S.K.: 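First the structure, which I've put down as structure tokens, then a few questions once you've had a look.
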Amino acid sequence: MSQPFRSPADLGPLAEAVGSDWRSTRYYDAAEHDIDARWASLIWPFIHGCDFAVCVDLAAGHGRNTRKLLELPACGKVYLVDINQENIDFCSARFNNEPRVACIRNSGFEIEAVESASVTLVYSFDSMVHFDSDVVRSYLGEIGRILRPGGHAFLHHSNYIGNPGGDVHQNPHWRNFMSAELMVHYAAKEGLGTIRQQKLDWNHDGSYIDCLSLLRLPI
């Protein structure tokens, strides 16, 4: 296992501060209805061509993204990972009859239960936008560890650089301090190449507070 650049004692509270916002929230019900449209118009065009044999759905919530991955004929297995036991319990019941799904509760900054060089795609949509940048960096180290050579990571993260060092709850839509450029920089430090990025202007006001990044572990 790769070692985080900050200790678990430092990263744990950062992860928990964000993870605690997403326990049994009604947000998941609304987001479930939205994911099909997001997938068709935004996600699938971005990840089309990736290898879906062994996927990790990182910070999976109630599993709406796992559902979309399972709909792909090429999807062989999904590790559904979340910091909150409530979400793991919900997903364990939801996918009880789906042998391709393994539900894993994690610390919020690592994916220790997944073997090294075993995954073809790490997928995170609509969650990492809230993560502290140090947590993002820690996950990038883990992604580099668990990906097979040539594997990809699809990450939806914040592109908001206002309020550095401030409380995430004071930021627009709870976007944490992060940027497209920092993602490229951190990914490179963890041995990952950036294939492409797309900044997202949800409100059509020029804010571009989110970004999609597709990373790859070199062969």
Side-chain angles (χ1 to χ4, degrees), residues 1-4 11 15 18-19 22 28 31 35 38-39 42-44 46-85 87-92 94-95 98-131 135-157 183 186-187 190-195 211-219:
M1 174 183 174
S2 64
Q3 295 299 314
L11 292 169
V18 168
W22 305 100
Y28 295 126
I35 188 60
R38 295 290 187 206
W39 181 275
L42 187 65
I43 299 170
W44 181 245
F46 207 83
I47 65 174
H48 182 268
C50 291
D51 184 344
F52 302 97
V54 183
C55 303
V56 170
D57 182 4
L58 181 60
H62 281 186
R64 66 191 184 279
N65 289 287
T66 292
R67 172 174 67 83
K68 297 303 296 182
L69 290 168
L70 291 170
E71 290 173 0
L72 299 174
C75 180
K77 185 177 183 64
V78 180
Y79 292 101
L80 185 155
V81 179
D82 200 272
I83 189 176
N84 292 315
Q85 187 62 50
N87 292 340
I88 293 299
D89 292 343
F90 182 95
C91 290
S92 294
R94 177 175 186 174
F95 299 109
E98 177 49 80
R100 292 177 292 168
V101 175
C103 296
I104 299 170
R105 183 185 182 188
N106 77 331
S107 64
F109 58 87
E110 50 72 38
I111 321 172
E112 189 174 18
V114 178
E115 293 183 2
S116 299
S118 66
V119 172
T120 59
L121 175 68
V122 177
Y123 175 109
S124 185
F125 182 76
D126 207 25
S127 298
M128 191 173 280
V129 290
H130 308 297
F131 294 179
V135 171
V136 174
R137 172 75 186 277
S138 179
Y139 270 132
L140 288 170
E142 281 288 84
I143 288 168
R145 177 185 68 81
I146 67 175
L147 279 180
R148 297 175 185 173
H152 291 86
F154 166 71
L155 306 176
H156 172 210
H157 57 91
M183 177 58 75
Y186 289 163
E190 301 299 341
L192 299 162
T194 302
I195 305 301
C211 183
L212 304 178
S213 292
L214 187 67
L215 312 178
R216 183 174 180 267
L217 182 67
I219 297 175

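Small disclaimer: the values here were computed from a predicted structure and weren't measured.
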S.K.: Within the side chain of Tyr186, is there an N or O that forms a donor-acceptor pair under 3.5 Å with the backbone of Gly141?
M.R.: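 Side chain of Tyr186 to backbone of Gly141, a donor-acceptor pair under 3.5 Å: no, none is there.
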
S.K.: Output all residues satisfying side chain to side chain contact (heavy atoms under 4.5 Å, CB included) with Arg64, sequence neighbours left out; order by chain, then residue number.
M.R.: Tyr27, Tyr28, Ala31, Glu32, Ile35, Asp126

S.K.: Determine whether a donor-acceptor pair (N or O, by modelled atom type, separation under 3.5 Å) exists between the side chain of Arg100 and the backbone of Cys75.
M.R.: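 Flag set: sc Arg100 to bb Cys75 pair under 3.5 Å.
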
S.K.: Looking at Asp57 and Thr66, would you say the former's side chain and the latter's main chain have a donor-acceptor pair under 3.5 Å?
M.R.: yes

S.K.: Restricting to non-hydrogen atoms, name the atom on Leu192 and the atom on Gly144 that form the minimum distance, rounded to 0.1 Å.
M.R.: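 For Leu192 and Gly144, the tightest heavy-atom pair comes out as CD2-CA, 4.1 Å.
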
S.K.: Between Arg94 (side chain only) and His62 (backbone N and O only), is there a donor and an acceptor less than 3.5 Å apart?
M.R.: yes

S.K.: With side chains defined as the heavy atoms from C-beta onward, is the minimum distance between Leu215 and Leu147 less than 4.5 Å?
M.R.: no

S.K.: Drop me the distance from Cys50's SG to Leu121's CG, to the nearest 0.5 angstrom.
M.R.: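 So the SG of Cys50 and the CG of Leu121 are separated by 5.5 Å.
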
S.K.: Would you compute the distance between atom OG of Ser118 and atom CZ of Arg148 and round it to the nearest 0.5 angstrom?
M.R.: 7.0 Å

S.K.: Calculate, to the nearest 0.5 Å, the distance between atoms OG and NE2 belonging to Ser127 and His157 respectively.
M.R.: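 Going from OG on Ser127 over to NE2 on His157, the span is 13.5 Å.
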
S.K.: For salt bridge (charged side-chain N to carboxylate O under 4.0 Å, His left out), just list the numbers for Glu190 and Arg145, CA-CA rounded to whole Å, side-chain angles, deciding distance to a tenth of an Å, and then say yes or no.
M.R.: CA-CA 9 Å; Glu190 301 299 341; Arg145 177 185 68 81; over 6 Å; no

S.K.: Tell me every residue that passes side chain to side chain donor-acceptor pair (under 3.5 Å) with Ser107, counting only those two or more places apart in sequence or in another chain.
M.R.: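 Ser107: side chain to side chain donor-acceptor pair (under 3.5 Å) contacts with Glu110.
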
S.K.: Applying side chain to side chain contact (heavy atoms under 4.5 Å, CB included), run through His130 and Trp22 and close with a yes or a no.
M.R.: CA-CA 11 Å; His130 308 297; Trp22 305 100; 3.4 Å; yes

S.K.: Looking at CD1 of Ile104 and SG of Cys91, how far apart are the two atoms once the value is rounded to the nearest 0.5 Å?
M.R.: 12.0 Å

S.K.: Hey, are Tyr79 and Asn106 close enough side-chain-wise for a donor-acceptor pair under 3.5 Å?
M.R.: no

S.K.: Could you go through the side chain to side chain contact (heavy atoms under 4.5 Å, CB included) check for Thr194 and Met183 one step at a time?
M.R.: CA-CA 9 Å; Thr194 302; Met183 177 58 75; 5.5 Å; no

S.K.: Is any side-chain heavy atom of Tyr139 closer than 4.5 Å to one of Val122?
M.R.: no

S.K.: Could you check whether any side-chain N or O of Arg216 sits under 3.5 Å from a backbone N or O of His152, counting only pairs where one atom can act as donor and the other as acceptor?
M.R.: no

S.K.: Is the centre of the Trp44 ring less than 6.0 Å from the centre of the Phe52 ring?
M.R.: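 Ring centroids of Trp44 and Phe52 are less than 6.0 Å from each other.
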
S.K.: Assess whether side chain to side chain contact (heavy atoms under 4.5 Å, CB included) is satisfied between Ile47 and Tyr123, documenting all intermediate values.
M.R.: CA-CA 9 Å; Ile47 65 174; Tyr123 175 109; 4.2 Å; yes

S.K.: To check you understand the geometry: which heavy-atom pair defines the closest contact between Thr120 and Ala53, and what is its length?
M.R.: OG1-N, 3.3 Å

S.K.: Taking all non-hydrogen atoms of both residues into account, name the closest pair between Gly108 and Ile83 and its distance.
M.R.: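 Closest heavy-atom pair between Gly108 and Ile83: CA-CD1, 3.7 Å.
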
S.K.: Is the shortest side-chain heavy-atom distance between Asn65 and Lys68 below 4.5 Å?
M.R.: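 Not touching, per the 4.5 Å side-chain cut-off.
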
S.K.: Would you compute the distance between atom CZ of Phe125 and atom CG of Leu69 and round it to the nearest 0.5 angstrom?
M.R.: 12.0 Å

S.K.: Can you check whether Leu155 reaches Val136 side chain to side chain, under 4.5 Å on heavy atoms?
M.R.: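 Side chain of Leu155 against side chain of Val136, heavy atoms only: no contact under 4.5 Å found.
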
S.K.: Compare every heavy atom of Phe46 with every heavy atom of Ser213, then report the nearest pair and how far apart it is.
M.R.: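 Looking at all heavy atoms of both residues, the shortest contact is C-CE2, 3.9 Å.
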
S.K.: Do Asn84 and Asp89 pass the side chain to side chain contact (heavy atoms under 4.5 Å, CB included) test, and can you show the C-alpha distance, the side-chain angles, and the key distance before you say yes or no?
M.R.: CA-CA 9 Å; Asn84 292 315; Asp89 292 343; over 6 Å; no

S.K.: Kindly give the heavy-atom pair with the smallest separation between Ala59 and Phe131, and that separation in Å.
M.R.: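 Looks like CB-CZ, 3.8 Å.
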
S.K.: Taking atom CG of Asn87 and atom CG of Asp82, what is their separation to the nearest 0.5 Å?
M.R.: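 Here the rounded value is 4.0 Å.
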
